[in-house]
Amino acid sequence: MAMSQALIRLEDVHRIYRLGETEVPALRGITLELHAGEFTALVGPSGSGKSTLLNLAGCIDEPDRGRVLVEGVDAATLADDARSRLRNRKIGFIFQSFNLVPVLDVYENVELPLLVHSHLSKVERRERVHRAIDDVGLHDYARHPPDKLSGGQRQRVAIARALVTQPILVLADEPTANLDSETARRIVDLMVELNQKRNVTFLFSTHDEKLMARVGRHVRIRDGRLDGAASGAAA
Ligand code: ADP
């Protein structure tokens with residue numbers, strides 16, 4: 001067990017969407033490693049392949065060529081149930097449109113992913129949920145339904161929900177796209193703070209260059225390829 005092993009390694013991954021007769025090459029040979037404790041921004045214009053890359057890193061989708069290694073294990077070699085266990089236990093997701101359950105309050109939304117973690121006692125579960133809600137600054141809002149919250153607060157709930165399972169990696173797909181620029185800045189600040197305070201590893205995508213100043217590592221993507229030396233194999 002090497003200490004320096006990547007949490008996630010994408011190895012020359014290709015992804016081609018097929019729409020009838022048409023082939024859309026979304027990723028064209030990407031090699032990328034994410035290590036524990038890193039905060040990485042994936043920056044690129046709309047349509048450049050950011051969501052596709054996050055879906056592969058999160059084992060939601062599989063590459064047509066190349067490999068996705070999670071802590072050294074090739075995700076393609078896992079059976080479906082092992083892969084979904086890995087996804088549920090090790091990876092947290094944050095989406096552009098928050099994806100909260102409207103009939104559940106803040107507490108219940110954050111608790112949801114823990115209901116499949118049957119090894120936790122009720123007390124442990126409650127502590128985890130409260131801690132996640134406190135961590136995103138929503139202590140006073142636990143019993144509020146999502147529709148009584150602002151966009152920024154809703155995204156904080158989604159962040160708490162992603163963190164509550166204590167994943168090794170949080171993937172955030174354009175988490176600030178539906179927020180005004182000041183709120184977007186605060187959400188990035190919160191993710192940076194959680195990365196530093198709780199050592200959560202983040203990969204978040206954005207097309208907003210203004211948000212980059214706060215982020216340590218930038219990876220640029222265009223037309224399904226990474227910019228610069230790390231762009232991997234030729235087509
Ligand atoms: P981004 O997240 O940077 O906007 P995407 O990964 O969503 O980029 O898309 C990359 C390319 O793949 C785009 O050309 C997009 O139109 C195409 N694409 C994405 N998802 C699908 C899909 N399900 N079927 C067909 N084409 C897709």
Side-chain angles (χ1 to χ4, degrees), residues 4-19 22-72 74-76 91-97 155 162 167-179 181 184-185 187-192 194-196 200-235:
S4 61
Q5 185 182 63
L7 284 186
I8 306 279
R9 176 172 162 82
L10 304 180
E11 223 170 70
D12 192 25
V13 293
H14 293 246
R15 182 72 177 96
I16 300 158
Y17 294 110
R18 291 185 178 80
L19 295 169
T22 320
E23 293 198 335
V24 184
L27 297 179
R28 311 168 191 238
I30 286 194
T31 296
L32 177 67
E33 281 192 356
L34 302 173
H35 289 270
E38 277 185 324
F39 191 106
T40 308
L42 178 65
V43 196
S46 180
S48 56
K50 300 185 297 299
S51 296
T52 305
L53 192 158
L54 292 184
N55 289 345
L56 293 185
C59 302
I60 290 179
D61 188 20
E62 291 175 40
D64 293 291
R65 256 174 66 192
R67 300 198 302 166
V68 177
L69 304 173
V70 181
E71 295 182 313
D74 184 346
I91 299 169
F93 295 93
I94 299 167
F95 305 94
Q96 177 177 332
S97 49
Q155 197 55 299
I168 60 168
L169 172 69
V170 173
L171 298 169
D173 194 0
E174 301 234 27
T176 60
N178 287 334
L179 303 174
S181 57
R185 194 182 59 69
I187 288 291
V188 174
D189 284 349
L190 172 65
M191 293 194 295
V192 170
L194 291 166
N195 167 255
Q196 289 166 357
V200 184
T201 308
F202 276 94
L203 174 64
F204 95 102
S205 68
T206 182
H207 58 264
D208 186 351
E209 296 284 340
K210 291 196 298 296
L211 294 172
M212 291 304 92
R214 308 183 136 68
V215 177
R217 182 184 180 201
H218 305 168
V219 172
R220 291 182 185 277
I221 185 169
R222 176 175 292 276
D223 296 332
R225 289 193 179 93
L226 299 188
D227 278 0
S231 59

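- Residues S205 and E174 are in side-chain contact: their nearest non-hydrogen atoms beyond the backbone lie under 4.5 Å apart.
- Between D189 and R214 a salt bridge is recorded (basic side-chain N to carboxylate O distance below 4.0 Å).
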**Study point:** Full working for side chain to side chain contact (heavy atoms under 4.5 Å, CB included) between L53 and L32
**Key:** CA-CA 10 Å; L53 192 158; L32 177 67; 4.2 Å; yes
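- Annotation: the span from L179 atom CG to Q96 atom CD amounts to 9.5 Å, rounded to 0.5 Å.
- A search for side chain to side chain contact (heavy atoms under 4.5 Å, CB included) contacts involving F93 returns I60, R87, I91, F95, L171, not counting sequence neighbours.
- One finds the CD1 atom of I16 at 7.5 Å from the CZ atom of R65 (value rounded to the nearest 0.5 Å).
- Counting heavy atoms from C-beta outward, L27 and I221 have side chains that approach closer than 4.5 Å.
- You'll find the side chain of F204 reaches within 4.5 Å of the side chain of V188, heavy atoms only.
- The shortest heavy-atom contact between P45 and K50 is O-NZ, 2.9 Å.
- Of the possible donor and acceptor atoms, none in the side chain of E62 sits under 3.5 Å from a partner among the backbone N and O of A76.
- From I30, atom CD1 reaches atom CD of E11 across 13.5 Å, with rounding to the nearest 0.5 Å.
- Residues E71 and L7 are in side-chain contact: their nearest non-hydrogen atoms beyond the backbone lie under 4.5 Å apart.
- Shown here for M191 and A172, the closest heavy-atom pair between the two residues is SD-CB, 4.4 Å.
- Remark: the D12 side chain and the T31 side chain contain no N/O donor-acceptor pair separated by less than 3.5 Å.
- The distance from the OG1 atom of T176 to the CG atom of D208 is 6.0 Å, given to the nearest 0.5 Å.
- Of all non-hydrogen atoms in S97 and N178, the two that sit nearest each other are CA-ND2, 3.8 Å.
- Taking 4.5 Å as the limit, some side-chain heavy atom of P63 sits within range of a side-chain heavy atom of V68.
- Contact record, P167 with G92: CB-N, 3.6 Å, taken as the closest heavy-atom pair.
- Between L56 and D61 the shortest heavy-atom distance is CD2-O, 3.4 Å.
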Practice item. List the steps, then state whether side chain to side chain contact (heavy atoms under 4.5 Å, CB included) holds for H35 with T201. Key: CA-CA 8 Å; H35 289 270; T201 308; over 6 Å; no
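- The list of salt bridge (charged side-chain N to carboxylate O under 4.0 Å, His left out) pairs with a residue in residues 35-47, not counting sequence neighbours, reads E38-R217.
- Annotation: side chain of S46 is not in contact with side chain of H207 (no heavy-atom distance under 4.5 Å).
- Put simply, the side chain of E209 reaches to within 4.5 Å of the side chain of V43, judged on heavy atoms.
- A pairwise comparison of heavy atoms in V215 and H218 identifies O-NE2, 3.0 Å as the closest pair.
- D64 places a side-chain heavy atom less than 4.5 Å from the side chain of R18.
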Check your understanding: Would Q5 and L69 satisfy side chain to side chain contact (heavy atoms under 4.5 Å, CB included), going step by step from the backbone distance to the final call?
Key -> CA-CA 10 Å; Q5 185 182 63; L69 304 173; over 6 Å; no
